[in-house]
Amino acid sequence: MAQPNIFPALRYADADAALDWLTRVFGFTEKSVYRDDRGTIAHAEVQLGAGLVMFGQGTGRSGGGIYVRVDDPDAHYRRAKDAGAEIVYELTDMDYGSREYSARDPEGNVWSFGTYDPYA
């Protein structure tokens, strides 16, 4: 069985409170937490069984999206852009090693595609 490549990605107005709540109330296990230079959670991952949820601080907002690991983000980006997708975050090499972009679907949901693999 292949590893998952589609992950829920949430934003919280208070990511530290969310981390505490998800682990204490739902029984998630903290996999990793990355903080920015102010100590704010920029990216965190929690697991429950084989499932994984990614989240971070949302600058005063909450909400969610989907992150999809793809082998060739450049080709995926070109396909989406050529098909008229609303690109909300251009294809970028991230400082954590991923190459990724984000687009909004017709209902306003944000989908991110890139090479980041939380299981690697």
With a 4.5 Å heavy-atom cut-off, do [X] and [Y] have their side chains touching?
X    : Y    : result
R11  : F55  : no
W21  : T23  : no
V46  : F26  : no
E100 : S112 : no
Y12  : I41  : no
R99  : M94  : no
T115 : R69  : no

Legend entry - Same apolar cluster (I L V M F W Y, side chains within < 4.5 Å links), V33/L48: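 Linked, V33 and L48 end up in one cluster.
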
Inset, instruction - Consider only side-chain heavy atoms of I, L, V, M, F, W and Y, link residues closer than 4.5 Å, and tell whether M54 and L19 are in one cluster. - result: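 As far as the 4.5 Å side-chain criterion goes, L19 and M54 are not connected within one cluster.
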
Inset, instruction - Could you tell me whether R24 and D20 have a side-chain N and a carboxylate O separated by less than 4.0 Å? - result: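 D20 and R24: salt-bridged.
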
Inset, instruction - Identify whether the distance between the nearest side-chain nitrogen and carboxylate oxygen of R35 and D16 falls below 4.0 Å. - result: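 Yes, charged N to carboxylate O under 4.0 Å.
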
Inset, instruction - Check whether the ring centres of H43 and Y116 lie less than 6.0 Å apart, and answer yes or no. - result: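 That pair passes the under 6.0 Å test.
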
Legend entry - Residue D82 excluded, over 12 heavy atoms near CG under 6.0 Å: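 Result for CG/D82: enclosed.
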
Inset, instruction - Return yes when atom OH of Y89 has more than 12 non-hydrogen atoms of other residues, nucleotides or ligands closer than 6.0 Å, and no otherwise. - result: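 It does not: Y89 OH has 12 such atoms or fewer within range.
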
Inset, instruction - Take H76 and K81 through the side chain to side chain contact (heavy atoms under 4.5 Å, CB included) test and state the conclusion after the steps. - result: CA-CA 9 Å; H76 198 278; K81 191 162 182 138; over 6 Å; no

Legend entry - Side-chain donor or acceptor of K31 paired with backbone N/O of P118 under 3.5 Å: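 Present.
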
Inset, instruction - Output yes when a side-chain donor or acceptor of Q57 lies under 3.5 Å from a complementary backbone atom of A15, and no otherwise. - result: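 Answer holds: yes.
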
Legend entry - Considering all heavy atoms, the nearest A103-A85 contact: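 Residues A103 and A85, closest heavy atoms: CB-CB, 4.3 Å.
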
Legend entry - Minimum heavy-atom distance between V110 and S102, given as atom pair plus value: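 Heavy atoms only, the tightest pair is CG1-CB, 4.0 Å.
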
Legend entry - Partners meeting side-chain hydrogen bond (donor to acceptor under 3.5 Å, both in side chains) with N5 (sequence neighbours left out):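 N5 satisfies side-chain hydrogen bond (donor to acceptor under 3.5 Å, both in side chains) with no other residue.
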
Inset, instruction - Verify whether one side chain among Q47 and T29 offers a donor that lies under 3.5 Å from an acceptor in the other. - result: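 No pair is found: no donor N or O on one side chain lies under 3.5 Å from an acceptor on the other.
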
Inset, instruction - Quick one: name the residues clustered hydrophobically with V68, using the 4.5 Å side-chain heavy-atom rule over I, L, V, M, F, W, Y, and just say none if it's on its own. - result: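 Its cluster mates, by chain and number, are I6, I66, V70, Y77, I87, L91, Y101, W111, F113.
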
Legend entry - Spacing of L52 atom CG and F7 atom CZ [to the nearest 0.5 Å]: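 With rounding to 0.5 Å, CG (L52) is 6.0 Å from CZ (F7).
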
